[in-house]
Protein chains: 2
Amino acid sequence: MKAPTLADVARRAGVSYATADRVVNARGGVADARADRVRQAIADLGYVRNVAAANLSQGRVYRFVFVIPTGTNAFFLHLRMILGAVAPRLRLEKTELRIEDVAAFDAPSLVAVLRSLSLSPPDGIALVGIDSPEVAAAVADLTAAGVAVVTLVSDMPDSARHAYVGIDNCSAGRTAARLMGLAHARGPGRVLPVLGSLTARDHRERLAGFRAVLAQDFPQIALLPEFEGRDRAELVEQALARLFDRGEALSGIYSFGAGNSGLARALSRFEGTGNRPVVIVHELTPRTREALGTGNFDVVIDQRPGAEIALALATMRQISDRLPAAPIRPIIPAIIFQDNMPDPEDSALLDAAGLDHTTAPHGRQGGLT
Amino acid sequence: MKAPTLADVARRAGVSYATADRVVNARGGVADARADRVRQAIADLGYVRNVAAANLSQGRVYRFVFVIPTGTNAFFLHLRMILGAVAPRLRLEKTELRIEDVAAFDAPSLVAVLRSLSLSPPDGIALVGIDSPEVAAAVADLTAAGVAVVTLVSDMPDSARHAYVGIDNCSAGRTAARLMGLAHARGPGRVLPVLGSLTARDHRERLAGFRAVLAQDFPQIALLPEFEGRDRAELVEQALARLFDRGEALSGIYSFGAGNSGLARALSRFEGTGNRPVVIVHELTPRTREALGTGNFDVVIDQRPGAEIALALATMRQISDRLPAAPIRPIIPAIIFQDNMPDPEDSALLDAAGLDHTTAPHGRQGGLT
DNA sequence: GCCAAAATGATTGACGTCTATCAATTCCAT
DNA sequence: ATGGAATTGATAGACGTCAATCATTTTGGC
């Protein structure tokens, strides 16, 4: 009752091992009729090639590249730190990680990096999606060349990327609105959305989800026009300071871009007064962690970069292994209060749940031993 | 620059391959001095045995057993469904899953199952912890026999189990309290805790966390004595009905046992009145999902059984592989509103983040290629 | 110094796959 | 029919480990 090998397939198809091998490894030079018989035998026996044996024989090393924006954005710095921390261990698993820098929000720069990568293509590339036809074209070239391409954090649904690894940003925005509504259970309020840039798809989606739920379920909350902070802390701080100086009575802030240290500074004037607005932000960073702890922020929605990296790696490996694609589901964000902050040193680690094994099954085939 | 093999170790230690093999596989018959030289060579070279090659040569199959309580508890039914769904795919990875039934909350029954399993010990066992010296003794025997033992959902910190796979229940209770407090931002209230049984460690921890945060940060909320529903829906429904009939003005309910369908029925009397208490429950099930959708519950704290199973499998595999133990971190629960419910059919699947690769690294060794 | 026991070395076949080479067969166009 | 091309078969070595066997050396007790 053990798993069939390629030799079994060859025997069943009535061909030699060499011919069966030519078919499964697409080496060419096999007549159609024979190739069909081999494929039929594979289907009949349910043959799945033994990736471990294959990799052993080839001495295969996976080469994966993460293309990460540069700059002071705390989230991406965190992503880099995790990648650095897991790289040594991954080497034991014959996986080499490389980080390529790219300017943030800069399509031409991203295209240049992708083009340069295609000179000696790695096995897989993870990149933060940007809405741009040129980037989409570069991605298409890479996938055509057999590179596994996944989008990280922000998707490019209209490109040829194999999968998106990240949270459902619309759902995250809706969740933020629900939390905001919960905190306004017994009264009206005025809420300000602060974002990085409307050119980023993930930010657009969060805003749309936030708006939709507020409009539908919380008519007592007035939504102010969003402020575009361009991920720059000082801009955020200034804008809020001006608002507060004008005497604007804010009951809530939803900040879903970077630059939250500016937000924290602007809020310091409320310390001890007890009438600080409700503050919901994205991404657990040293700053937001601190603000949660001191009670200056209420909620952090974290996209769990460790889980994202783990899933990205597993996805790229699976594509490289030519395994039947398992459905990739979005990362479920963590909703964090001062009471359930994960251990800071743990957040440098990959998130639990192995992907070889944590691969989702195809359907409802059911049946235990 | 490739990874050292056992042949390299033998050469470095100045012994034959056979001797080195005797050491790493604990076959005995090696003089201490020589064994030490081999171990030194292993340390010097950083040798890590190639598990894939080893398994290939042995035709190894992992045998893992999940000991799951019987009964109508929706959460455990869900766990069983996930296990059934992933079993076929795991077989491709040379992993055989088996479920053993055990009566819920019943230490003698659990001991009997564990004893029977030790007759032909599997490679790993995952079980729901019960506070009991007899169970702890049975676990100790199993680990001594070389079985990888992990506790699932509820821990047994004083036993010899290798790891706990589940959420931090104290933190979950604190989170629930924070959410409850957020919803009471502008006024006092009376909150009722509903639990399954105080004999279950996970329930005790949730209650303790919930109490602590309410007492510390939300003095305006009065905490009623907890109700023990014994995971039985009809008991929960009756108790609440009596309470409401008496005119008790509840502003919040935190239910962290099973039997939430009874809670939903008891709450139906508030439909359309707009003054239903804030309801926070545990575990995403068909019932709680429905109640979230209709607006009868506000928040579900889900321990993500798919992620738990994935992590349990990865952990057992890692122990079986005699790999350096990576720290096991708690599962981060999902906080779910009507706005961010995961796709129902997805919840039958394992959670993302492969564990071979999603294994956490040891420390801060750092350094990319 | 002798003998048994213990320790060590040397080697082989298996696991399933990939790559490569060479020989043998079939096909097709002329 | 004949030659060249395309197809097919047979086989070997490599990957790193494990299990097993048998031969050889060393050790320790007397």
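Reminder, nothing fancy here: chain letters follow the sequence lines and each chain counts from 1.
When distances run from any side-chain atom of B:L56 to the nucleotides D:dC18, C:dC15, C:dT17, the shortest one goes to C:dC15. Nearest nucleotide to the A:A31 side chain, out of C:dG9, C:dC15, D:dT8: D:dT8. Picking from C:dT8, C:dT19, D:dA19 the nucleotide with the shortest atom distance to the side chain of B:V30 gives C:dT8. The nucleotide whose nearest atom lies closest to any side-chain atom of A:R34 is, among C:dG9, D:dG9, C:dT17, D:dG9. Closest to the B:T19 side chain, of the nucleotides C:dG9, D:dC18, C:dC18, is C:dG9. With distances taken from any side-chain atom of A:L6 to the nucleotides D:dT21, C:dT21, C:dT17, the minimum falls on C:dT17. Checked against D:dT17, C:dT17, C:dA10, the side chain of A:N50 finds its nearest nucleotide in C:dT17.
Among the atoms of the strands shown, only primed sugar atoms or phosphate atoms (P, OP1, OP2) are found under 4.0 Å from some heavy atom of A:V15.
In terms of phosphate contacts, A:S57 brings no side-chain nitrogen or oxygen within less than 4.0 Å of OP1 or OP2 of D:dC15. Close to C:dA14, at under 4.0 Å from its OP1 or OP2, lies no side-chain N or O of B:Q58. Between A:N25 and C:dC18 there is a side-chain polar atom (N or O) within less than 4.0 angstrom of OP1 or OP2. At D:dA12, none of the side-chain N or O atoms of A:Y17 fall inside 4.0 Å of OP1 or OP2 (strictly under the cut-off). A sub-4.0 Å separation between OP1 or OP2 of D:dG16 and a side-chain N or O of B:R49 is absent.
Spacing between atom CZ of A:R22 and atom P of C:dT19 amounts to 13 Å, rounded to whole angstrom units. Between the CG atom of A:L45 and the C1' atom of C:dG16 there is a distance of 15 Å, rounded to whole Å. The CZ-C1' distance, from B:R37 to C:dA7, rounds to 13 Å in whole Å.
Looking at heavy atoms from C-beta onward, B:R98 lies in side-chain contact with B:L117 at the 4.5 angstrom threshold. The shortest side-chain heavy-atom distance between B:R115 and B:D141 falls under the 4.5 Å cut-off.
Comparing B:G14 and A:P4 by the nucleotide of DNA chain C that holds the closest heavy atom to each, the one mapping nearer the 5' end is B:G14. For B:G59 and B:A18, each mapped to the nucleotide of DNA chain C holding its nearest heavy atom, the one lying further toward the 5' end belongs to B:A18.
A cation-pi contact links A:R317 to A:Y62, judged by a cut-off of 6.0 Å to the six-membered ring centre and 45° from its axis.
Salt-bridge formation is not detected for the pair B:R49/B:D321: no Lys NZ or Arg NE/NH1/NH2 atom is positioned less than 4.0 Å from an Asp or Glu carboxylate oxygen. Between A:R329 and B:D343, no side-chain nitrogen of the basic residue sits less than 4.0 Å from a carboxylate oxygen of the acidic one, so the salt-bridge criterion is not met.
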